[in-house]
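First the proteins, then the strands, lettered A, B, ... as listed; each starts at 1. Predicted model only: the values in this text are computed from it and were never measured.
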Amino acid sequence: MKPPLLEITDLSVAYQTDTGPVMALRGANLVARAGEVIGIVGESGCGKSTLAAAVMNLLPATAKVTGGAVRFLGQDILTLAPQAQRALRGTAMAMIFQDPMTAFNPVLTIGDHLVDFQHQSRAPYRAKLARARDQLALVGLSDPDVILRRYPHQLSGGMRQRVAIAAALLMNPQVLVADEPTTALDVTTEAQILHLLRNLRQTYQGTIVVISHHLGVVAELCDRVYVMYAGQVVEQAMVDDLFHAARHPYTRALLACDPASFPNLTPVLPTIPGRLPDLRDPPKGCSFAPRCALRSARCTVAPPWAQVSPSHGVLCHEVGA
Amino acid sequence: MSLLDVQDLAVSLPLSLGLSGAFKPKTARRLEIFSDISFAVAAGETLGLVGESGSGKTTLARALLGLTPTQAGRITFDGRLRATQADFAQMRRTSAMMFQDAVASLSPRMTVGALLAEPLIIHGQAPRDLAAKVADMLHLVGLTADFAARYPHELSGGQARRVGVARALALNPKLVIADEPTAGLDVSVQGEILNLMRDLKTRLGLSYLIISHNLAMIRHVSDRIAVMYLGRLVEIGPTRAVFAQPLHPYAQSLIAAEPLPDPRKRRADLAISGEIPSLLHRPKGCVFQSRCPQAQALCRSDAPVLRALGPNRLVRCHFADPARLQED
Ligand SMILES: Nc1ncnc2c1ncn2[C@@H]1O[C@H](COP(=O)(O)OP(=O)(O)OP(=O)(O)O)[C@@H](O)[C@H]1O
Ligand SMILES: Nc1ncnc2c1ncn2[C@@H]1O[C@H](COP(=O)(O)OP(=O)(O)OP(=O)(O)O)[C@@H](O)[C@H]1O
Ligand code: SF4
Ligand SMILES: [Mg+2]
Ligand SMILES: [Mg+2]
């Protein structure tokens with residue numbers, strides 16, 4: 001059998017800080033196959049962007065992979081030479097960043113950026129510029145010729161985000177990681193981008209990994225969803241099961257907080273009481289235990305991963321198995 | 001009386017395309033970002049501003065605080081007309097802005113603690129125990145005191161946004177302009193921040209102008225909403241009424257396009273069709289005419305004005321008619 005496009009096994013990452021290492025990922029697992037759109041959701045600070053950065057080999061110097069592997073078509077990419085990593089990133093894998101402004105150099109025009117991103121290609125300059133122009137039009141930007149000559153700060157937040165999407169698609173990547181691709185967009189433009197991403201999945205047989213806090217976007221776009229909490233994957237399910245048969249107490253609490261899911265106006269929005277644990281000293285047992293309604297004595301021990309069905313797994317003593 | 005009152009505000013920027021703009025010909029073309037913007041925010045009120053990305057919301061927010069020069073119109077805040085830089089400087093002491101790019105708006109060389117102390121020090125409001133005050137501020141937005149030692153790049157997106165909230169609230173402002181205050185936050189933290197903002201509103205009588213693409217959030221927190229499209233306010237009204245029955249065709253398509261948190265309710269045709277127009281080629285007549293499903297010949301020749309339709313309801317459309325819609 002062909003290996004999956006992307007496979008993350010037991011990945012652990014720690015950031016070095018003045019107050020000690022922050023364990024941002026603790027044994028995370030994820031598989032993405034050709035043609036799939038994968039969603040990742042979870043509390044802010046739970047390690048989603050860290051996971052994305054690890055996949056793209058873009059972790060900052062202060063981050064250290066303390067265990068596990070990231071495989072692209074079966075090959076461990078964390079051990080590749082820097083040059084081979086860069087080549088992979090320029091062609092087979094691309095990323096749309098959470099904060100599009102950080103992805104751009106303020107003194108270069110959008111056109112400079114988009115031509116530059118094609119440095120792996122041998123096409124002549126004019127052809128690269130034409131391709132850049134076409135990609136801008138594809139993501140719904142009118143006047144692409146004008147945009148090419150603009151600087152990043154001269155675009156609205158949503159326009160920058162669309163430029164970032166256009167940039168990521170330039171080289172037809174097989175793995176596209178999108179960190180909050182549509183939060184900066186109004187819902188009608190968001191809908192257009194979701195359409196675009198959905199169509200891409202059909203045409204190019206790659207995989208798209210979408211990180212989003214917008215549960216509506218996940219429901220609309222994804223086939224399968226991973227839920228993360230405090231550096232771990234706590235639930236994995238097909239999208240329909242996730243929204244209709246979630247098992248993990250954190251997932252259920254998260255879904256219950258979505259203001260889009262209750263039509264009546266409420267003066268106080270629901271929240272999950274308590275805090276994400278301190279990742280410098282993560283709890284020994286279940287990380288969600290201090291906030292969990294189902295907590296029992298055995299939750300002081302780390303729960304095992306349990307498959308509740310072949311396509312649905314959960315990290316919890318009480319609802320697993 | 002209104003805390004903030006805006007009349008016929010307009011902003012246009014010199015149309016500089018790359019380096020050629022450096023020559024500044026006398027007849028430099030200007031790009032109209034928005035015009036004819038009028039609205040008010042009452043003391044203790046939350047106005048939600050939604051609309052097309054690139055329609056001018058952030059630019060409007062900046063103009064309100066004197067951070068972008070205006071070409072026409074009047075801004076009255078706290079009973080005083082604001083025109084000069086001195087007026088705006090004074091205004092910025094009692095009104096705060098939460099910026100759209102949370103991480104980029106925090107100076108990378110300062111620790112979180114220094115960033116939170118800065119506004120207090122600049123405005124001479126630093127208490128004797130500054131560290132304790134900073135810890136309080138962090139606590140208020142759900143972060144532990146040890147975050148004071150971190151640098152912005154050591155924060156997750158959501159943590160940076162919370163620091164932005166704490167900073168905006170540092171000086172006990174009367175008005176907070178929040179540009180996408182909860183973008184990048186999970187729904188639980190989003191709820192916490194909005195509950196916090198609401199709590200401060202009732203306790204301190206704060207007013208908010210909240211700009212967001214998150215309609216579910218806006219619906220729960222705003223008293224009234226304003227909808228912007230391509231540099232024009234196209235609808236203003238009480239939140240409940242506008243969501244129940246949007247009258248402007250753009251507002252209708254916006255509200256209908258919101259993706260629902262249920263994969264069984266996926267829609268094949270989410271998007272309104274048609275090329276998104278640009279500020280450079282503003283459609284003649286109504287701004288929405290090129291994409292509007294209800295457009296008629298009149299819409300292509302004459303620009304509609306903002307007219308009153310029902311209580312506190314203003315709509316910029318030739319054909320919007322509440323009576324007709326109610327019968328459907
Ligand atoms: N450079 C860094 N140095 C130290 N700690 C960091 C650094 N980058 C991230 N962290 C910490 O690692 C944890 C995971 O961060 P990450 O950015 O992956 O979260 P996230 O899930 O993407 O959150 P969000 O939804 O808010 O974007 C957080 O607790 C964050 O504070
Ligand atoms: N410094 C600038 N120079 C030239 N054009 C600019 C500048 N700043 C903004 N613009 C243009 O003004 C328009 C409005 O931008 P603005 O950032 O106000 O939109 P917005 O409504 O906040 O959009 P978003 O929802 O995407 O954040 C955009 O077309 C943008 O390209
Ligand atoms: S004025 Fe005409 S084009 Fe504009 S929104 Fe109304 S019906 Fe549509
Ligand atoms: Mg993130
Ligand atoms: Mg904006």
Side-chain angles (χ1 to χ4, degrees), chain A residues 15 17-19 41-45 49 60 98-99 101-102 109 140-143 146 149-150 156-159 180 183-192 194-195 213-220 239-240 243-244 253-255 257-261 265-272 275 278, chain B residues 17-18 50-55 58 100-104 142 144 146 149-150 153-154 156-159 161 180 183-192 194-195 198 213-217 219-220 240 253-254 257-267 270-272 275-278 280-281:
Chain A
Y15 291 101
T17 70
D18 292 347
T19 48
V41 300
E43 180 128 354
S44 103
S49 298
Q98 184 167 10
D99 196 341
M101 201 56 184
T102 56
T109 63
L141 287 163
S142 42
D143 297 324
V146 175
R149 278 174 283 159
R150 290 246 174 128
S156 81
M159 294 161 99
E180 297 280 356
T183 17
L185 303 175
D186 61 276
V187 291
T188 51
T189 312
E190 175 173 70
Q192 288 179 331
L194 292 183
H195 252 303
H213 288 303
H214 194 323
L215 298 173
V217 166
V218 172
E220 190 70 43
V239 69
D240 195 74
F243 283 92
H244 292 283
L254 182 75
L255 295 175
C257 287
D258 188 354
S261 63
L265 295 188
T266 120
V268 179
L269 293 166
T271 60
I272 306 173
R275 306 252 141 269
D278 185 346
Chain B
L17 296 173
V50 299
E52 172 106 313
S53 113
S55 62
T58 298
Q100 188 168 7
D101 289 302
V103 182
T144 47
D146 62 274
R150 294 230 195 149
H153 71 269
E154 296 177 339
S156 80
Q159 290 161 346
R161 187 140 317 260
E180 295 287 355
L185 298 175
D186 65 86
V187 285
S188 164
V189 176
Q190 173 182 306
E192 271 175 39
L194 295 170
N195 290 343
R198 184 197 314 257
H213 292 307
N214 184 338
L215 296 182
M217 180 273 265
R219 199 165 63 88
H220 285 285
R240 194 186 289 269
S253 64
L254 187 73
E258 159 111 292
L260 300 172
D262 184 351
R264 292 179 192 168
K265 294 189 184 144
R266 283 187 184 176
R267 282 146 302 170
L270 270 170
I272 36 173
E275 175 105 342
I276 300 169
S278 82
L280 287 175
H281 305 114

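In this structure, CD in A:Glu190 is found 4.5 Å from NE2 in A:His214, a value given to the nearest 0.5 Å. Going from atom CG of A:Leu254 over to atom OG1 of A:Thr271 covers 12.0 Å, rounded to the nearest 0.5 Å.
The candidate with the highest count of non-hydrogen atom pairs below 4.5 Å against chain A, out of B:Val189, B:Leu194, B:Thr58, B:Asp262, is B:Asp262. Contact count versus chain B (heavy atoms, under 4.5 Å) is highest, among A:Pro60, A:Ala260, A:Gly42, A:Pro270, for A:Ala260. Contact count against chain B (heavy-atom pairs under 4.5 Å) is highest for A:Thr266 among A:Leu255, A:Val41, A:Thr266. Across B:Glu154, B:Arg240, B:Gln159, B:Met217, the residue that shares the most heavy-atom pairs under 4.5 angstrom with chain A is B:Arg240. No other option in A:Thr17, A:Leu215, A:Val268, A:Val217 has as many heavy-atom pairs under 4.5 Å with chain B as A:Val268. Contact tally against chain B (heavy-atom pairs below 4.5 Å) for A:Ser261, A:Gly216, A:Ala253, A:Ser49: the top residue is A:Gly216. Counting heavy-atom pairs closer than 4.5 Å to chain A, the top residue among B:Gly191, B:Ala183, B:Pro263 is B:Pro263. Chain A forms the most heavy-atom pairs under 4.5 Å with one residue out of B:Ser55, B:Ala216, B:Gly54, B:Pro261, and that residue is B:Pro261. With chain A as partner, the option from B:Arg264, B:Arg161, B:Glu192 having the largest number of non-hydrogen pairs under 4.5 angstrom is B:Arg264.
Looking only at distances, a side-chain donor or acceptor of B:His220 sits under 3.5 Å from a matching main-chain atom of A:Pro259. Side chain of A:Arg149 to backbone of A:Thr109: no donor-acceptor contact under 3.5 angstrom is found. When atom types are taken as modelled, the side chain of B:Asp186 and the backbone of A:His213 share no donor-acceptor pair closer than 3.5 angstrom. Distance alone, capped at 3.5 Å, is enough to place a donor-acceptor pair between the B:Glu180 side chain and the B:His213 backbone.
Heavy atoms of B:Asn214 lying under 4.5 Å from chain A are absent altogether. Proximity to chain B (any heavy atom under 4.5 Å) is shown, for A:Glu43, by both the backbone and the side chain. The part of B:Arg150 that comes within reach of chain A is its side chain, from C-beta onward, which places non-hydrogen atoms under 4.5 angstrom from that chain. Of the two parts of B:Arg198, only the side chain, counted from C-beta on, holds a non-hydrogen atom closer than 4.5 Å to a non-hydrogen atom of chain A.
Scanning both residues, A:Glu220 and B:Pro259, for their nearest heavy atoms gives OE1-CB, 4.0 Å. Shown here for A:Ile272 and B:Ser188, the closest heavy-atom pair between the two residues is N-OG, 3.1 Å.
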task: List the steps, then state whether side chain to side chain contact (heavy atoms under 4.5 Å, CB included) holds for B:Leu254 with A:Val187.
output: CA-CA 6 Å; B:Leu254 187 73; A:Val187 291; 3.5 Å; yes
